[in-house]
Amino acid sequence: MPDIAAVKAALAAQRIETPSWGYGNSGTRFKVFAQPGVPRTPYEKLDDAAQVHAYTGVAPKVSLHIPWDRVDDYAALAAYAEERGLELGAINSNTFQDDTYKLGSVCHPDPAVRRRAVDHLLDCVDIMDATGSADLKLWFADGTNYPGQDDVTARQERLAESLAEVYERLGEGQRMLLEYKFFEPAFYTTDVPDWGTAYAHCLKLGPKARVVVDTGHHAPGTNIEFIVALLLREGRLGGFDFNSRFYADDDLMAGAADPFQLFRIMREVVRNGGLAPASDVAFMLDQCHNIEAKVPAVIRSVANVQEATAKALLVDAEALAAAQRDGDVLAANAVLMDAYDTDVRPLLRALREERGLDPDPVAAYLRSGRQERIAAERVGGDQAGWGA
């Protein structure tokens with residue numbers, strides 16, 4: 001049986017990175033609903049992220065998105081984060097919200113457009129240098145809508161050439177994390193549509209390039225935990241973008257739509273050493289809360305990831321291995337289900353209390369009255385959002 005003390009230690013050591021854009025106005029492709037108290041600057045986003053870390057104790061990193069989080073002095077922004085017990089995490093690039101990129105960015109047929117896109121990615125590496133960030137996260141909306149629109153093979157060659165230039169710019173301790181998405185906004189071909197394409201490019205680039213698995217970026221029925229296990233086995237899983245979905249890329253709170261899937265994913269993470277510091281797997285959220293309050297939604301998402309992790313750690317590995325060796329299908333499945341059916345909330349409440357935290361982080365935040373205070377204080381200026 002799993003050692004509860006070891007389970008608690010693993011949960012206490014886990015770090016979950018929250019997205020700066022998750023604190024701003026965001027939503028669907030159709031509408032972004034503004035909310036009172038939403039941050040107006042990257043600094044106010046960090047103030048909100050500090051609240052998530054204060055109530056959960058496991059969320060000290062914050063991802064930035066450029067240009068949404070552009071400031072004049074990134075070293076000052078990093079210092080501001082540090083003063084609040086935070087550090088700046090992955091730097092996310094944006095090569096999809098400029099009219100120039102209508103036909104693609106790094107895969108565009110025009111060399112001048114590709115140059116513009118690559119220069120932006122190099123600028124993001126400069127920002128990493130200034131903030132101390134280790135990860136450059138890349139997602140490309142590049143693709144085509146119609147057969148014959150462009151040469152599919154040539155686009156892969158352009159992609160490889162662009163990635164190689166940026167890869168060479170990476171410094172010591174810096175990584176390139178390549179994300180994939182099987183469709184949208186391009187509907188005929190997508191230039192990085194799946195883990196295999198991302199993996200192939202990362203393999204060619206070198207050891208600093210790894211794959212990001214966004215849990216919302218798969219066709220229905222895709223076995224995401226298999227992808228996770230394979231990438232961990234190959235040492236090429238760079239991180240996650242946790243969210244939840246009912247179709248395509250909803251970006252709902254992690255674990256909201258299919259908590260059993262999140263458990264299965266975390267089971268493979270635990271089984272393949274993904275929680276160990278040496279694995280260097282970044283557990284990031286990528287969520288755009290449309291109708292729910294931002295800070296409580298992020299706290300809830302962090303807690304959902306913790307619950308899935310706790311259940312994965314409670315799997316009786318010895319009993320499971322024995323059932324698998326014996327070919328006892330029902331027994332093996334029952335071992336997993338016993339762990340999944342365990343109510344881990346008491347364990348997490350106890351862990352938080354042992355660490356001097358409120359056992360219910362969402363309720364504690366709401367009781368603090370901060371949500372009402374920021375709604376009253378953050379008046380005037382331009383609310384932060386994802387530019388939609």
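Residues Val71 and Leu64 are members of one and the same hydrophobic cluster, defined by side-chain heavy-atom contacts under 4.5 angstrom among Ile, Leu, Val, Met, Phe, Trp and Tyr. Under the 4.5 Å side-chain contact rule for hydrophobic residues, Val362 and Leu262 share a cluster. Clustering ILVMFWY residues whenever any of their side-chain heavy atoms sit less than 4.5 angstrom apart, transitively, puts Phe240 in the very cluster that holds Ile16. Val305 and Leu252 are not part of a single hydrophobic cluster, where members link through side-chain heavy atoms under 4.5 Å apart. One hydrophobic cluster, built from ILVMFWY side chains closer than 4.5 Å, cannot hold both Trp68 and Leu138; they sit in different ones.
Arg367 and Asp358 are joined by a salt bridge, as a carboxylate oxygen and a charged side-chain nitrogen come within less than 4.0 angstrom of each other. Using a 4.0 Å cut-off between a side-chain N of Lys or Arg and a carboxylate O of Asp or Glu, Asp214 and Arg245 do not qualify as a salt bridge. The pair Arg40-Asp382 does not meet the salt-bridge criterion, since no charged nitrogen lies less than 4.0 angstrom from a carboxylate oxygen.
Using a 4.5 Å heavy-atom threshold, the side chains of Val118 and Leu122 count as touching. With a 4.5 Å cut-off on side-chain heavy atoms, Arg116 and Thr100 count as touching. For the pair Glu44/Ile374, no side-chain contact is recorded, criterion being any heavy-atom separation below 4.5 Å from C-beta on. Counting only heavy atoms from C-beta outward, the side chains of Leu357 and Glu353 never approach each other to under 4.5 Å. Under the 4.5 Å side-chain criterion, counting only non-hydrogen atoms from C-beta, Leu136 is not in contact with Leu177. With contacts defined as side-chain heavy-atom distances shorter than 4.5 Å, the pair His201/Leu178 qualifies. Counting heavy atoms from C-beta outward, Pro39 and Arg378 have side chains that approach closer than 4.5 Å. Contact of the Ser93 side chain with the Lys137 side chain is not registered, since no non-hydrogen atoms from C-beta on lie closer than 4.5 Å.
Remark: Arg355 CZ is packed, more than 12 non-hydrogen atoms of other residues, nucleotides or ligands lying under 6.0 Å away. Within a 6.0 Å sphere centred on CD of Glu161, heavy atoms belonging to other residues, nucleotides or ligands number 12 at most. When the shell of 6.0 Å around CD of Glu234 is examined, it contains more than 12 heavy atoms from other residues, nucleotides or ligands. More than 12 heavy atoms of other residues, nucleotides or ligands lie within 6.0 Å of CZ in Arg70, so this atom counts as buried by the packing criterion. The environment of Glu82 atom CD is sparse: at most 12 non-hydrogen atoms of other residues, nucleotides or ligands sit within 6.0 angstrom.
Using the six-membered ring where Trp is involved, Phe183 and Phe187 have ring planes that are tilted, between 30° and 60° apart.
Between the CD atom of Gln383 and the OG1 atom of Thr41 there is a distance of 12.0 Å, given to the nearest 0.5 Å. Here the CG atom belonging to Asp191 is positioned 9.0 Å from the OG1 atom belonging to Thr197, to the nearest 0.5 angstrom. Note that the CG atom of Asn92 and the CG atom of Asp286 stand 7.5 Å from one another [nearest 0.5 Å]. To the nearest 0.5 Å, atom OG of residue Ser26 and atom CZ of residue Phe33 are 11.5 Å apart. One finds the CZ atom of Phe226 at 13.0 Å from the CD1 atom of Ile224 (value rounded to the nearest 0.5 Å).
Residue Ser368 comes nearest to Arg373 through the heavy atom pair O-NH1, 3.0 Å, listed as atom of the first residue, atom of the second, then distance. Closest of all the heavy-atom pairs between Arg352 and Pro361 is NH1-CD, 3.7 Å.
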ask   = Could you go step by step and tell me if Arg370 and Asp47 meet the side-chain contact (heavy atoms from CB on, under 4.5 Å) rule?
value = CA-CA 11 Å; Arg370 182 178 182 273; Asp47 290 338; 4.0 Å; yes
request  = Run the numbers on Asp123 and Arg169 for salt bridge (charged side-chain N to carboxylate O under 4.0 Å, His left out), then give the verdict.
outcome  = CA-CA 10 Å; Asp123 180 48; Arg169 169 63 182 82; over 6 Å; no
task = Could you check Gln371 against Tyr365 for side-chain hydrogen bond (donor to acceptor under 3.5 Å, both in side chains), going step by step and ending with a plain yes or no?
result = CA-CA 8 Å; Gln371 196 67 30; Tyr365 173 77; 2.7 Å; yes
message = One pair to check against ring-ring contact (aromatic ring centres under 6.0 Å, His included): Trp139 and Tyr180. What are the steps and the verdict?
response = CA-CA 7 Å; Trp139 173 72; Tyr180 59 89; over 10 Å; no
query = Between Met176 and Leu170, does a side-chain contact (heavy atoms from CB on, under 4.5 Å) hold up when you go through it step by step?
reply = CA-CA 8 Å; Met176 173 186 290; Leu170 294 174; 3.9 Å; yes
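A donor-acceptor pair shorter than 3.5 Å cannot be found between the side chains of Asn243 and Gln287. Side-chain contact, Gln149 with Tyr188: no donor N or O sits under 3.5 Å from an acceptor N or O. For the residue pair Thr144/Asp150, the side-chain donor-acceptor check at 3.5 Å is not satisfied. With hydrogens and angles left out, the side-chain atoms of Asn94 and Gln97 include a donor and acceptor closer than 3.5 Å.
Remark: Arg264 qualifies as a cation-pi partner of Phe260 under the 6.0 Å distance and 45° angle criteria applied to the six-membered ring. Geometric assessment of Arg84 against the ring of Tyr80 yields a positive cation-pi assignment under the 6.0 Å and 45° thresholds. Cation-pi check for Lys311 over Tyr340 is met; the charged atom lies under 6.0 angstrom from the ring centroid and within 45 degrees of its normal.
The side-chain contact (heavy atoms from CB on, under 4.5 Å) check on Ala350 picks up Lys8, Glu354, with sequence neighbours excluded.
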